[in-house]
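Order of appearance sets the numbers: ligands from 1, and atoms from 1 within every ligand.
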Amino acid sequence: MAEGITYDHIIAGTGLAGLTLAYKLSQKKEYQDKKLLLIDKESKTKNDRTWCFWEAGKNDFESIVYHQWPQLRFASTQLNKELDIAPYHYKMVRGIDFYKYVLEAINVAQNITVVQDSITQLEEQDDTVVVHTSANTYRGQQVFKSYPDRLAHTQDQFVWQHFKGWKIKTQTDQFDPKEATLMDFRVTQGNDTIFFYVLPTSEQEALIEVTLFSKDILVSEAYDPYLKAYIGDTLGIADYQVEEEELGAIPMTTYNFQQSRSTRIIPIGTNGGSVKASSGYAFTRIQRDIEALIPFILKNKLDEYTFPRNRYVLYDKIFLNAILTGKTSGAEVFTRLFKKLKPQNIFKFLDEEGSFLTDLKVFTAPPTLPFLKALVEELRGL
Ligand SMILES: Cc1cc2nc3c(=O)[nH]c(=O)nc-3n(C[C@H](O)[C@H](O)[C@H](O)COP(=O)(O)OP(=O)(O)OC[C@H]3O[C@@H](n4cnc5c(N)ncnc54)[C@H](O)[C@@H]3O)c2cc1C
């Protein structure tokens, strides 16, 4: 079915954004007469990542939520606080469950073809896009592209949020599976922001992650001393086994990814700007951004689609400026936020759904002078 056909749409890269788009389109009756091709260089059969996110309601992938926590904790040298997050839950979806669920769901759709191949080039012609891969060429009216060619976004405020996680199993009960630690800053902070997540899925199992914000990503072994010291000294756990590892890096940037779009090649996911620049969270935003894109696809009006850029871009710029230029530290900012504010208001702000008043509260909670200086610098740069 692949060659000789011009597909209506091609999804180039089927990770979270690509598969979310394919899944949502497969659920629409009005899309059933369209031809959709999915291309990814990977088979998507590995558990290559774990997504966590807060949510007050339910999402399309609720049935594969692996674990959820009604309560969170924030810790730093100045604050150790239990966070009651109702009506939110903090949820975990494993990559492998998501890929399997979506690929099985779209397998039954007659109009969707999935191929495993590495894309080498997208060539835009007058009325189609030619997708060159290692083994083939494909044609599509429009391509949704979810992988980056190069890191063009280094021009703007930019930092990597990079991390390594160990899924550990302990000999005795050590964790409360109803409480996850969202951020634990109880580790010496150098020039870079560094903190830990603790995500227990039972009394004896947890994913523990060390996360850094810095310009350079570390080699895998460089994270291990942080994890060992945190588990041993801060959590006081001596007897455990590492069952799985997770390594990752997320770009935190206010770069406008959509400036590279054309009428036929539409960037989506991380490559489309769906990662929140000041937090690195993307799961919920990818669902939201893909949902907003669907009506334009169904009405064949992609030329009218615009990606939302709102006032929160300025807030993100100010946050990154204040932290990256050393005006204040990540530990200081987050400690103040969680000390002064309800977590629900912080979530609303990070979800870009705050009112003017809640935004103002969040904006004025971190150290005032560094944020004002960052505001002035960013306004000058506009
Ligand atoms: C380890 C990890 C953990 C994360 N955890 C969280 C979290 O807890 N919460 C949260 O909100 N966000 C998290 N994120 C951030 C974000 O949600 C994920 O990166 C998410 O997978 C982004 O989706 P995407 O579709 O943009 O990219 P991806 O899911 O990375 O998909 C891109 C796809 O493109 C394919 N591809 C690349 N190059 C080519 C090519 N040349 N040809 C064909 N295919 C290609 C890749 O194989 C991949 O399948 C995490 C990121 C990582 C890396």
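Heavy-atom neighbours of Lys342 NZ from other residues, nucleotides or ligands within 6.0 Å: at or below the threshold of 12.
A pairwise comparison of heavy atoms in Lys145 and Leu122 identifies CD-CD1, 3.3 Å as the closest pair. In terms of heavy-atom proximity, Leu19 sits nearest to Val102 at O-CG1, 3.5 Å. Of all the heavy atoms in Ile194 and Phe185, the pair that sits closest is O-CD2, 3.4 Å.
Of the polar atoms of Asn271, none of the N or O atoms is found under 3.5 Å from an N or O of ligand 1, judged by distance alone. Among the atoms of Gly248, none of the N or O lies under 3.5 angstrom from an N or O of ligand 1. Looking at Ala17 next to ligand 1, an N or O pair under 3.5 Å apart turns up. Considering both main-chain and side-chain atoms, Thr284 never comes within under 3.5 Å of ligand 1 through any nitrogen or oxygen pair.
The distance from ligand 1 to the heavy atoms of Lys44 drops below 4.0 Å at these ligand atoms: 48 (C), 49 (O). Close approach of ligand 1 to Ala282 (heavy-atom distance below 4.0 Å) involves ligand atoms 10 (C), 11 (O), 12 (N), 16 (C), 17 (O). Atoms of ligand 1 lying under 4.0 Å from at least one heavy atom of Asp117, given by number and element, are 43 (C). Each of the following atoms of ligand 1 lies closer than 4.0 Å to a heavy atom of Glu42: 47 (O). Atoms of ligand 1 found under 4.0 Å from any heavy atom of Cys52, numbered from 1 in the order shown, are 7 (C), 8 (O), 9 (N), 10 (C), 11 (O). For ligand 1, the atoms lying closer than 4.0 Å to a non-hydrogen atom of Gly269 are 26 (O). Residue-ligand proximity, Leu16 to ligand 1, at heavy-atom distances under 4.0 Å covers atoms 17 (O), 20 (C), 21 (O), 23 (O), 25 (O), 29 (O). Ligand 1 places these atoms under 4.0 Å from at least one heavy atom of Ile286: 22 (C), 23 (O).
Atom 18 (C) of ligand 1 has as its closest protein heavy atom Trp51 NE1, 3.6 Å. Protein heavy atom closest to atom 19 (O) of ligand 1, with residue, atom name and distance, is Arg49 NH1, 3.2 Å. In terms of protein heavy-atom proximity, atom 41 (N) of ligand 1 is closest to Ile119 O, 3.1 Å.
Using modelled atom types, no side-chain atom of Asn111 and backbone atom of Asp33 make a donor-acceptor pair closer than 3.5 Å.
Stacking of Lys164 on the aromatic ring of Tyr223 is not recorded, the 6.0 Å distance cut-off and the 45° axial limit not both being met.
The salt bridge (charged side-chain N to carboxylate O under 4.0 Å, His left out) check on Asp192 picks up nothing, with sequence neighbours excluded.
Salt-bridge check for Lys46 with Asp48: failed, with every basic side-chain N at 4.0 Å or more from each acidic carboxylate O. Residues Arg264 and Glu124 are not paired through a salt bridge, judged by the lack of any N-O separation under 4.0 Å between the basic side chain and the carboxylate.
Residue contacts with ligand 1 leave out Leu19, since none of its heavy atoms falls under 4.0 Å from the ligand. Assignment of Thr50 to the shell around ligand 1 is supported, since a heavy atom sits closer than 4.0 Å.
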Give the table of side-chain donor-acceptor pairs shorter than 3.5 Å for residues 80-87, with sequence neighbours excluded, one pair per line with atom names and distance.
{"residue": "Asn80", "atom": "OD1", "partner": "Arg73", "partner atom": "NH1", "Å": "2.8"}
{"residue": "Lys81", "atom": "NZ", "partner": "Phe338", "partner atom": "O", "Å": "2.7"}
{"residue": "Asp84", "atom": "OD1", "partner": "Ala86", "partner atom": "N", "Å": "3.3"}

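The distance between the ring centers of Phe307 and Phe257 does not fall below 6.0 angstrom.
Ring-plane geometry between Phe283 and Phe53 is classed as parallel, the angle between the planes falling under 30 degrees on a 0 to 90 degree scale with a further cut at 60.
Counting heavy atoms under 4.0 Å from ligand 1, residue Phe53 does not touch it at all.
When the heavy atoms of Ile250, Thr270, Ile268, Val275 are ranked by distance to atom 24 (P) of ligand 1, first place goes to Thr270.
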